[in-house]
Structures are given as structure tokens and as C-alpha cells.
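Throughout, residue positions are numbered sequentially from 1 according to the sequence presented. Atoms within a ligand are numbered from 1 in the order they appear, just like the ligands themselves. Heavy-atom basis, side chains included; hydrogens, waters and symmetry copies ignored.
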Amino acid sequence: MAEAKEPNPEFTRKVIEGGGKTVNLCFQCGTCTGSCPSGRQTAFRVRKVVRRAQLGFEEDVLPSDDLWLCTKCFTCYERCPRGVEIVDIIMALRNMAVKKGYMAEAHRKVGEVISKTGHMVPFREEDKALRAKLGLEAVPPTVLSDPKALEEVKKITVICGFDKLVAQAGGK
Ligand code: SF4
Ligand code: SF4
């Protein structure tokens, strides 16, 4: 029989300090899981993520794929009868996971694109043609047409360490 894990209050304290200050209010009713659109399509059970954070089961929660399946739609957040700020807990856990080198591959790729182009979604030649067809400037008035602004975005990603965090995350 597998050995039962001991709760780790030190990790729970870090979750609270990282923004998940309501984690201990959860009484495991499951309303969040029952409401979660992501959980309808996947094996993601947000109630379990909250429970693991509450008990301080760091090794179960930080490397877990589940952490990256939340789309931050806030449905659970609005419905929780205990006022648990679930998305804030997930964000606190993701911040900790990234610092340990865990990040979903899709998120890592988006991070790379933002660091390089200042946009989440790559701008393609087809987009230029589509914009021209709609009577718009071929390139939108964003960092895409302002090299100085793009340099500033790149500088911010370096100063705040975002580029390094993305680079060190091996992808999951
Ligand atoms: S809805 Fe709130 S109280 Fe219920 S399990 Fe989810 S986080 Fe816990
Ligand atoms: S915020 Fe995340 S965990 Fe909550 S319902 Fe939406 S996808 Fe599910």
C-alpha cells in the first residue's frame, strides 16, 4: 500500500503568499469541478488542484499538466459557495511551477512569440491581405509597425525575467 503523504503547511503558506489567500476556505464541495468547461473536455478536476494546494502537496501539483488546463474563464470563481478565489490559486501555483521549470508547451510557445514580436498571435502575410481587403492599413498600428515600441517590449521581458523563465521551461 502506498505511504500516505503528510500535509506540508510550508508550501500552503507559499501558495497563500503568492496570491492564493483563500485556499483554506475550500470545503471540497466540487461546485468548481461541476462548473468547469475545461473539465468537460479533459480529465482536469479543479477541486483536486485546490485540495493539493491546501494540503501542500507540492510534488503532485507543480509538475502536473492539470495546472495548465484552466482557461481562466472564472466560472468556478463566480460559483464557489465559499468565495475561494480559485483562479488566483491557479495563478500562484503556475508562477511557482514556472520558476521550477514547468510550463505547458503551448504556453511556452506563446511566451516565446510575445518575447520576440510583442504579440500573442503571430502576424502572417495572409493577415496583411485580409486587412487590405477590409480597407485597413496592411500592418496594424501596434508594435508591429513601431520598432521602438517593440524594442521596449523586448526590454521589459528581459528586465522582469520573463524571457529567462520561458527559455528555462522545458515544456510539458
Ligand atoms: S467550489 Fe469552492 S469550496 Fe467547492 S470545491 Fe471548489 S473551491 Fe472548494
Ligand atoms: S477558471 Fe479555470 S478552473 Fe475555473 S471553471 Fe474556468 S477553466 Fe475551469
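- Cys32 N, 3.3 Å is the protein heavy atom nearest to atom 1 (S) of ligand 1.
- Nearest protein heavy-atom neighbour of atom 6 (Fe) of ligand 2: Cys73 SG, 2.3 Å.
- The atoms of ligand 1 that sit less than 4.0 Å from any heavy atom of Thr31 are 1 (S).
- Close to ligand 1: Pro81, with a non-hydrogen atom less than 4.0 angstrom away.
- Contact annotation for Thr71 and ligand 2: heavy atoms of both the backbone and the side chain come within less than 4.0 Å of the ligand.
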Show your reasoning for whether side chain to side chain donor-acceptor pair (under 3.5 Å) applies to Gln28 and Arg47. CA-CA 7 Å; Gln28 290 289 291; Arg47 178 189 62 78; 2.6 Å; yes
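- Looking at atom 4 (Fe) of ligand 2, its nearest protein heavy atom turns out to be Cys76 SG, 2.2 Å.
- Atoms of ligand 1 lying under 4.0 Å from at least one heavy atom of Arg47, given by number and element, are 5 (S).
- Taking backbone and side chain together, Cys70 holds no N, O or S atom under 2.8 Å from atom 4 (Fe) of ligand 2.
- With respect to Glu151 and Lys148, no salt bridge is recorded, no charged nitrogen being found less than 4.0 Å from a carboxylate O.
- Between Arg131 and Glu126 there is no salt bridge, since no side-chain nitrogen of the basic residue lies less than 4.0 Å from a carboxylate oxygen of the acidic one.
- Counting atoms of ligand 1 from 1 in the listed order, those under 4.0 Å from a heavy atom of Gln28 are 5 (S), 8 (Fe).
- For atom 8 (Fe) of ligand 1, the nearest non-hydrogen atom of the protein is Cys26 SG, 2.4 Å.
- Of all protein heavy atoms, the one closest to atom 2 (Fe) of ligand 1 is Cys80 SG, 2.3 Å.
- Between Lys109 and Glu112, no side-chain nitrogen of the basic residue sits less than 4.0 Å from a carboxylate oxygen of the acidic one, so the salt-bridge criterion is not met.
- Scanning the protein for heavy atoms near atom 7 (S) of ligand 1, the closest one is Ile86 CD1, 3.6 Å.
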